[in-house]
Amino acid sequence: EVQLVESGGGLVQSGGSLRLSCAASGFAFDRYGMSWVRQAPGKGLEWIAHINWNGGSTVYAESMKGRFTISRDNAKNTVYLRMDNVQDEDPAVYYCAAKAAVTGPYTHWGQGTQVTVSS
């Protein structure tokens, strides 16, 4: 079956760095664009970044640009999110999601991984 499994979350100090991973299986990962989306406590989903099928194109939410970096390794069916200079607004559940077309919906979602920030 289709699976997206996020990992790498946990407790990080303010100003620190973290790398999240999302391992995919059960579908043609290298034919899908991948995004990272987060949900902070009591808030809605917030889109972070997207990477196309071969990693040749990336786009970021303006507020994330410079601190977050999305990447992928198709040989490992994995997409990554590197978080640098983590701030107090970053605690959230971080999800990866897949879409087969630029204009299409996200058809596959992971279960999320929790990121907590300490001061």
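None of the values given here were measured: they were computed from a predicted structure.
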### Query
Does CH2 belonging to W109 count more than 12 external heavy atoms closer than 6.0 Å?
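More than 12 within 6.0 Å, yes.
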### Task
Please confirm whether the backbone N or O of V59 pairs with a side-chain atom of H50, one donor and one acceptor, at under 3.5 Å?
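Not at all, since once roles are kept as given, no pair shorter than 3.5 Å links the two residues.
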### Query
Under 3.5 Å, is there a donor-acceptor pair between the side chain of T116 and the main chain of L11?
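Between the backbone of L11 and the side chain of T116 there is no qualifying donor-acceptor contact (under 3.5 Å).
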### Task
Give a yes or no on whether F29 and V2 share a hydrophobic cluster (residues Ile, Leu, Val, Met, Phe, Trp, Tyr; joining criterion: side-chain heavy atoms under 4.5 Å apart).
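Same cluster: F29 reaches V2 through Ile, Leu, Val, Met, Phe, Trp or Tyr contacts under 4.5 Å.
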### Query
Would V117 and D88 satisfy side chain to side chain contact (heavy atoms under 4.5 Å, CB included), going step by step from the backbone distance to the final call?
CA-CA 6 Å; V117 179; D88 290 342; 4.2 Å; yes
[Y] and [X], any side-chain heavy atoms less than 4.5 Å apart:
{"X": "Y94", "Y": "M83", "value": "yes"}
{"X": "L81", "Y": "T69", "value": "no"}
{"X": "Y95", "Y": "Q111", "value": "no"}
{"X": "R82", "Y": "I70", "value": "no"}
{"X": "Y80", "Y": "R72", "value": "no"}
{"X": "V37", "Y": "I48", "value": "no"}
{"X": "M64", "Y": "W47", "value": "no"}
{"X": "V79", "Y": "C22", "value": "yes"}

Atom of [X], atom of [Y] and distance for their closest heavy-atom approach:
{"X": "P41", "Y": "P91", "value": "CD-O, 3.8 Å"}
{"X": "A92", "Y": "Q114", "value": "O-NE2, 3.4 Å"}
{"X": "A24", "Y": "L4", "value": "CB-CD2, 3.4 Å"}

Rounded to the nearest 0.5 Å, what separates atom [atom1] in [X] from atom [atom2] in [Y]?
{"X": "L20", "Y": "C96", "atom1": "CG", "atom2": "SG", "value": "9.5 Å"}
{"X": "S57", "Y": "I51", "atom1": "OG", "atom2": "CD1", "value": "8.5 Å"}
{"X": "E6", "Y": "S21", "atom1": "CD", "atom2": "OG", "value": "10.0 Å"}
{"X": "H108", "Y": "E1", "atom1": "NE2", "atom2": "CD", "value": "11.5 Å"}
{"X": "N74", "Y": "R31", "atom1": "CG", "atom2": "CZ", "value": "10.5 Å"}
{"X": "N52", "Y": "S35", "atom1": "CG", "atom2": "OG", "value": "11.0 Å"}

### Task
Would you verify whether the NZ or CZ of R38 falls within 45 degrees of the ring axis of F68 while also being under 6.0 Å from that six-membered ring's centre?
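Because its charged atom misses either the 6.0 Å distance or the 45° angle limit, R38 does not stack over F68.
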### Query
Cation-pi between K65 and Y60: NZ/CZ under 6.0 Å from ring centre and within 45° of the ring axis?
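No; the conditions do not both hold, so K65 does not lie above the ring face of Y60.
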### Task
Carefully, step by step, assess Y106 and K99 under the rule side chain to side chain contact (heavy atoms under 4.5 Å, CB included).
CA-CA 5 Å; Y106 291 103; K99 58 164 53 180; 3.6 Å; yes
### Task
State, without any angle test, whether T78 and D73 hold a side-chain donor-acceptor pair at a distance under 3.5 Å.
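The answer is no; no qualifying pair exists.
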### Query
Could you walk me through whether F27 and T107 pass the side chain to side chain contact (heavy atoms under 4.5 Å, CB included) check?
CA-CA 11 Å; F27 69 101; T107 54; over 6 Å; no
### Message
Whether R67 and D90 form a salt bridge (side-chain N of Lys/Arg under 4.0 Å from carboxylate O of Asp/Glu) is what I want to check.
### Response
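Result for this pair is yes, salt bridge flagged.
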